[in-house]
Amino acid sequence: MIRLEKTTRNYLDDVKKKLVNTNSETQYYSGISMKNFLRKLYFKFLGKPQCESSEAYLNYLKSKGIKIGKGTKVLNAKYITVDVTRPELVEIGNYVFLHIGTVIMTHDWASWTFVNKYNEFIPSHGKVKIGNNVWLGQNVTILKNVTIGDNVIIGAGSVVTKSIPSNSIAVGTPAKVVSSIDDYFFKRSKQYADEAIAYALSIYGSGRTPQKEDFYDDYPAFVDGRNYMEYDYPYLKIFSKEQFKQWKLCHRAPYFGFDDFMKAVNEQRNAK
């Protein structure tokens, strides 16, 4: 039988007193479900809560002492690992996106091998600092002694072992800078409309006719400040109100409206 520490016993005894049986379903006296009760136990004994929201997980990290700026988000916290053993060594800025599979490590226990060979244990740890407006692609790993600057995109699957300067695009294992963010922005500005057309052609290929609802992410190809009110797209899911105001003033779509866009799609379709 596993022997529990005294504090753990006291905690379980306290929880036990708060449980009641109602219609054969165990609940808190306050009406909280068993699911939430088990989540609290998991948080208490295993250290990481089973958070169902970005906000809950970020609050957990903050409660551990990690500095996190405003506007930062995580995608599916269940699959994200942030080293909380030394929370003072992790700093995450404003508007950082942590994708599924993000791993941030500030320590390294590989010296366990030294113990077996040299009978010596050599600790290893260092700070990880992530700047503002940083996108981490899916399954990115960031190791100790790394600083990532502002306005940075780290490509999916990258392992970041050295610092990445501001205004950069970095990919690979180990991650290396492959472009400035300005160059990448101009490159993508030229490509996205063609990608939207290719998507529309793929929809035709599946046997159905493209609908404007299919292009909830591709609307910049045919929507701008002149006609945005004609389309019910989730503009404010991407933009703040001020950013959307600026977008309406500055953005000019390559095609004026969905009909004009579909005309270009059908011209390419008929040319094949």
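Between Tyr95 and Asn132, every side-chain heavy-atom pair lies at or beyond the 4.5 Å cut-off. Between Arg252 and Arg226 there is a side-chain heavy-atom pair separated by less than 4.5 Å. With a 4.5 Å cut-off on side-chain heavy atoms, Ile164 and Val177 count as touching. Between Phe258 and Tyr231 the shortest side-chain heavy-atom distance falls below 4.5 Å. Looking only at side-chain heavy atoms (C-beta outward), Asp182 and Asn167 stay at 4.5 Å or farther from each other. A 4.5 Å side-chain heavy-atom check between Tyr60 and Val84 finds at least one atom pair inside the cut-off.
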Worksheet item: When you look at Thr102 and Thr81, which way does the side-chain contact (heavy atoms from CB on, under 4.5 Å) test go after all the steps?
Response: CA-CA 6 Å; Thr102 294; Thr81 301; over 6 Å; no
Fill in: Candidate pair Val74 and Ser54, rule side-chain contact (heavy atoms from CB on, under 4.5 Å), full reasoning
CA-CA 5 Å; Val74 301; Ser54 173; 3.6 Å; yes
Practice prompt. Please assess Gln268 against Ile197 for the test side-chain contact (heavy atoms from CB on, under 4.5 Å), listing each intermediate value before the final yes or no.
Written response: CA-CA 9 Å; Gln268 289 199 24; Ile197 289 176; 3.8 Å; yes
Practice prompt. Decide yes or no on side-chain contact (heavy atoms from CB on, under 4.5 Å) for Phe97 and His99, but give the supporting numbers first.
Written response: CA-CA 6 Å; Phe97 188 92; His99 215 306; 3.7 Å; yes
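Under the 4.5 Å side-chain heavy-atom criterion for grouping Ile, Leu, Val, Met, Phe, Trp and Tyr, Met262 is connected to Val223 within one hydrophobic cluster. Val134 and Leu89 fall into different hydrophobic clusters, where Ile, Leu, Val, Met, Phe, Trp and Tyr residues are linked whenever their side-chain heavy atoms come under 4.5 Å apart, directly or through other members. Trp109 and Leu143 sit in two unconnected hydrophobic clusters of ILVMFWY residues. Membership requires side-chain heavy atoms under 4.5 Å apart, directly or through other members. Under the 4.5 Å side-chain heavy-atom criterion for ILVMFWY residues, a single connected hydrophobic cluster contains both Trp135 and Ile181.
Tyr199 and Phe215 have perpendicular rings, their planes meeting at more than 60° on a 0 to 90° scale where under 30° would count as parallel. Ring pair Tyr233/Tyr235 is perpendicular by interplanar angle, where above 60° counts as perpendicular and below 30° as parallel.
Applying the side chain to side chain contact (heavy atoms under 4.5 Å, CB included) test between Ile142 and each of Ile154, Thr161, Ile130, Val159 identifies Ile130 as the sole match. With Glu91 as reference, Lys127 is the one residue of Lys127, Lys62, Arg86 to meet the salt bridge (charged side-chain N to carboxylate O under 4.0 Å, His left out) rule.
For the 3.5 Å distance criterion, the side chains of Asn133 and Asn151 qualify, holding a donor opposite an acceptor. In this model, a donor atom of one side chain and an acceptor atom of the other lie less than 3.5 Å apart for Ser124 and Lys144. For the residue pair Asp83 / Thr106, a side-chain donor-acceptor distance below 3.5 Å is found, with atom types taken as modelled.
For Gln211, the side chain to side chain donor-acceptor pair (under 3.5 Å) criterion is met by no residue, not counting sequence neighbours. For Tyr118, the ring-ring contact (aromatic ring centres under 6.0 Å, His included) test picks out no residue, with sequence neighbours left out. Listed by chain and residue number, Phe244 satisfy the ring-ring contact (aromatic ring centres under 6.0 Å, His included) test with Tyr228 (two or more places apart in sequence, or in another chain). Checked against side chain to side chain donor-acceptor pair (under 3.5 Å), His125 has no partners two or more places apart in sequence or in another chain.
The minimum heavy-atom distance between Asp224 and Asn227, with the atom names listed, is N-OD1, 2.9 Å. In terms of heavy atoms, Gly149 sits closest to Ser166 at CA-OG, 3.4 Å. Between Ala221 and Pro254, the shortest heavy-atom contact is O-CD, 3.3 Å. Shortest non-hydrogen contact noted between Leu58 and Thr72 is CD1-O, 3.0 Å. Between Lys70 and Asn94 the shortest heavy-atom distance is N-OD1, 2.9 Å.
A ring-centre distance under 6.0 Å is not found for Tyr255 and Phe222.
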List the atom pairs, donor and acceptor, that lie under 3.5 Å between side-chain atoms in residues 200-210 and the rest of the protein, sequence neighbours left out.
unit_1	atom_1	unit_2	atom_2	d
Ser202	OG	Ala198	O	3.0
Tyr204	OH	Asn266	OD1	3.0
Ser206	OG	Ile203	O	2.6
Arg208	NH1	Asp214	OD2	3.1
Arg208	NH2	Asp214	OD1	3.0

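Side-chain heavy-atom separations under 4.5 angstrom define the hydrophobic clusters, and Tyr192 shares its cluster with no other residue.
The residues Glu195 and Arg188 are annotated as salt-bridged, a charged nitrogen and a carboxylate oxygen being separated by less than 4.0 angstrom.
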